[in-house]
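Each remark here refers to the structure printed beneath this line.
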Amino acid sequence: MKISTIQRRLAKARRSSEFAFDAKLNSEQEALRKHYGDDGAAAASMLDETGLISGLVDEAALIALYSLGEHWRKKPKKPAKNAFAQKVRDAAIPWWRLAFGLDCIRYKEPDYHEVGSHPNYTPDHLVNRFIGETAIQLADYYHRQTIKYPRGNASRSKEHDALIAVQAASSPGFAKTGLPSRYQQHLKIAEAYRKFESIRCAFSDVAVVQLGTEAFDLKPSGGKATKHMKTSSGVRHSAELVQDYIKRLASLPTFGPWDRTTEPVRAIAMARAIHSSGSHGIAFTADLTSQSLGMAVMSERDTGSEIQLRLRRYLKKEFGTCPDFYFIVERGLGQVPHLHGAIDLEPTKDNRKRLSAVLKKLSRTHHRKETGRWVDVDPLTTPARWAAYPYKHSLTSRSKWQLYSLLRATQSLSRRGQAEWEKMRQEQRDAREVMKRIDAAKK
């Protein structure tokens, strides 16, 4: 996600008829002339520079949008249980008052109290106040319009990731420098695996060189180019998709040694290690209640480590031994804290039921009467895609969780992941060998 993309979206929202920027501007000019005498008349004249003012509003709205992401909380959809609870919810402090330290609401009548509360975008404090307040309104309007869509929260989380990277001075200590270049490279690798993982899994029993040779029709005997390829189970896939898989794998940044890897690719290697075992593994998602998260935060240990310790203890009690597992903590804008992970268990109906009970105990929902969907367990079918999925907005998750590392895993799985990583490195070398043969055949 690029900052320029967010800026264009904000500008488009400002120009919308529903936001009515021109009407706000005209209303402010009338109020300034009516309430502020000569100073107000001068400020109103400055607001005639519509192009300049709108540009400053867009620039300030970008800062306000970042602050919104840091302070905004999603309100529950369910009605309050009683009138007092509803009154408390209605009296919640708006995000913009928390972010900018505003003590009053000035959207109806001009108020000297807020003059100068915003950064100085222009020498005139009255003009500056209009720019700051309109920017807050624009950020709020854009955010609420975006989250109406089915994937709106996910989109806003990706935007917040980009904003955290550029708002270094306002970011937490673990996010001040953004993401290291190597981490960003590994995020690209994870994103690529999300796209071609289904094809890789379909032909996982075929060596990459052999697969590439068949897909690109490099057989010495020649003949008609292959249009479809069959897996060992008889399922047909387009040769073009297999070619795309080989090309993408070869063009990715070089897979270095294990000790230079970061979380996104380590999670992929661990998930693949689980899937390649005899059990094939179970993928799980678990939302954490405030009680469960509070227990972890109040612990003397790191929050993620405390959750890992509790999960290991519950698994050992349920299964007699603790199977290998990993999980990634995630929390986008408007999301409850939750975990995505996988565990080295046979995905039988009984195992999934028992694992679900363990995760409900971890999330502190095992005694709740409501039928909310707090836990999901399914067979692990595309391990790399599942492991890469939680890293779609890693900076936002770091900021919300107050954690530097989002990945937790058992030590034995980490060792198995290292061995699987070496297989992945060989797969990339083989893919590059296939592409070399293609280039040689063209000459």
Side-chain angles (χ1 to χ4, degrees), residues 151 153-154 157-158 183 186-205 241 245 248-249 252 255 261-288 304 307-308 311 315 323-332 335-348 351-352 355-356 358-359 362-363 373-394 396-397 401 405-410 412-414 416-421 423-424 427:
R151 297 189 60 81
N153 277 332
S157 294
K158 290 181 180 179
Y183 194 103
H186 291 168
L187 283 176
K188 291 180 180 178
I189 293 173
E191 183 62 28
Y193 266 94
R194 285 186 66 185
K195 294 178 180 177
F196 61 62
E197 176 67 357
S198 58
I199 290 294
R200 186 200 70 81
C201 289
F203 294 95
S204 59
D205 56 344
L241 292 176
Y245 158 52
R248 284 178 179 270
L249 182 59
L252 288 174
F255 297 178
T261 57
T262 58
E263 293 176 39
V265 293
R266 287 193 174 212
I268 289 175
M270 292 176 190
R272 282 185 45 158
I274 290 176
H275 187 258
S276 61
S277 68
S279 68
H280 296 300
I282 300 175
F284 66 82
T285 297
D287 293 345
L288 301 182
I307 295 173
Q308 180 184 356
L311 178 57
L315 286 170
D324 280 339
F325 68 87
Y326 81 87
F327 65 79
I328 300 157
V329 296
E330 186 187 10
R331 187 176 187 179
Q335 294 180 339
V336 298
H338 59 282
L339 316 176
H340 294 292
I343 187 167
D344 196 358
L345 286 172
E346 188 75 29
T348 62
N351 279 346
R352 281 186 285 169
L355 177 59
S356 180
V358 167
L359 294 174
L362 176 70
S363 62
R373 195 172 181 179
W374 291 88
V375 170
D376 274 326
V377 291
D378 292 292
L380 182 63
T381 53
T382 50
R385 177 185 291 176
W386 177 245
Y389 170 74
Y391 286 99
K392 52 190 177 292
H393 39 67
S394 54
T396 300
S397 293
W401 273 92
S405 176
L406 304 177
L407 175 66
R408 294 292 186 278
T410 57
S412 57
L413 181 58
S414 182
R416 291 168 57 190
Q418 184 175 357
E420 187 67 27
W421 178 249
K423 294 180 183 179
M424 294 171 64
E427 288 174 0

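Bear in mind that the values here come from a model prediction, so they are computed numbers and not experimental data. Hydrogens, waters and symmetry mates are skipped; everything else that's a heavy atom, side chains included, is used.
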Side chains of [X] and [Y]: does their closest heavy-atom pair fall under 4.5 Å?
X: H186; Y: E263; result: no
X: F255; Y: I189; result: yes
X: D344; Y: R416; result: yes
X: I268; Y: M424; result: yes
X: E191; Y: Y391; result: no

- Item | Under 3.5 Å: donor-acceptor pair, side chain of E197, backbone of T382 |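 Side chain of E197 to backbone of T382: no pair is present.
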- Query: Tell me, which pairs form a salt bridge (Lys or Arg N to Asp or Glu O under 4.0 Å) where one or both residues lie in residues 270-285, sequence neighbours left out?
  - Reply: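 For residues 270-285: R272-E420, R272-E427.
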- Restricting to pairs with a member in residues 379-391, which pass salt bridge (Lys or Arg N to Asp or Glu O under 4.0 Å), not counting sequence neighbours?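 As it turns out, there is no salt bridge (Lys or Arg N to Asp or Glu O under 4.0 Å) pair with a partner in residues 379-391 once direct neighbours are skipped.
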Considering all heavy atoms, the nearest [X]-[Y] contact:
X: S157; Y: H393; answer: CB-CD2, 3.2 Å
X: A388; Y: R194; answer: CB-CG, 3.4 Å
X: F325; Y: L315; answer: CD2-CD1, 3.7 Å
X: A273; Y: S276; answer: O-OG, 3.1 Å

Please name all residues satisfying side chain to side chain contact (heavy atoms under 4.5 Å, CB included) with [X], sequence neighbours left out, ordered by chain then number.
X: A271; result: Y326, P383, A387
X: A202; result: T231, H237
X: R352; result: I282, V377, P379
X: S412; result: D324, T410, R415

- Test salt bridge (charged side-chain N to carboxylate O under 4.0 Å, His left out) applied to R248 - qualifying residues, sequence neighbours left out: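 Partners of R248 under the salt bridge (charged side-chain N to carboxylate O under 4.0 Å, His left out) test: D244.
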- Message: Going by the rule salt bridge (charged side-chain N to carboxylate O under 4.0 Å, His left out), which residues pair with E346 if we only count those two or more places apart in sequence or in a different chain?
- Response: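 E346 satisfies salt bridge (charged side-chain N to carboxylate O under 4.0 Å, His left out) with no residue once adjacent residues are dropped.
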- Task: Quick one: list whatever passes ring-ring contact (aromatic ring centres under 6.0 Å, His included) with H275, sequence neighbours left out.
- Result: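 Counting only residues at least two positions away or on another chain, H275 forms a ring-ring contact (aromatic ring centres under 6.0 Å, His included) with H280.
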- Item | Contacts of Y245 that satisfy ring-ring contact (aromatic ring centres under 6.0 Å, His included) - sequence neighbours left out |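 So Y245 forms a ring-ring contact (aromatic ring centres under 6.0 Å, His included) with F196.
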Could you measure the distance from the [atom1] atom of [X] to the [atom2] atom of [Y]? Nearest 0.5 Å is fine.
X: L362; Y: F284; atom1: CG; atom2: CZ; value: 8.5 Å
X: M270; Y: L407; atom1: CE; atom2: CG; value: 5.0 Å
X: S204; Y: I199; atom1: OG; atom2: CD1; value: 11.5 Å
X: T262; Y: L187; atom1: OG1; atom2: CG; value: 7.0 Å
X: I274; Y: W386; atom1: CD1; atom2: CH2; value: 12.0 Å
X: L380; Y: L345; atom1: CG; atom2: CG; value: 11.5 Å

- Listed by chain and number, what are the side-chain hydrogen bond (donor to acceptor under 3.5 Å, both in side chains) partners of D287, not counting sequence neighbours?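 For D287 there are no side-chain hydrogen bond (donor to acceptor under 3.5 Å, both in side chains) partners, ignoring immediate neighbours.
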- Message: Among residues at least two apart in sequence or on other chains, which ones pass side-chain hydrogen bond (donor to acceptor under 3.5 Å, both in side chains) with T261?
- Response: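 Applying side-chain hydrogen bond (donor to acceptor under 3.5 Å, both in side chains) to T261 gives R266.
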- Query: Would you call the rings of H340 and H338 parallel, tilted or perpendicular if under 30° counts as parallel and over 60° as perpendicular?
  - Reply: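 Taking H338 first and then H340, their aromatic rings stand perpendicular (interplane angle over 60°).
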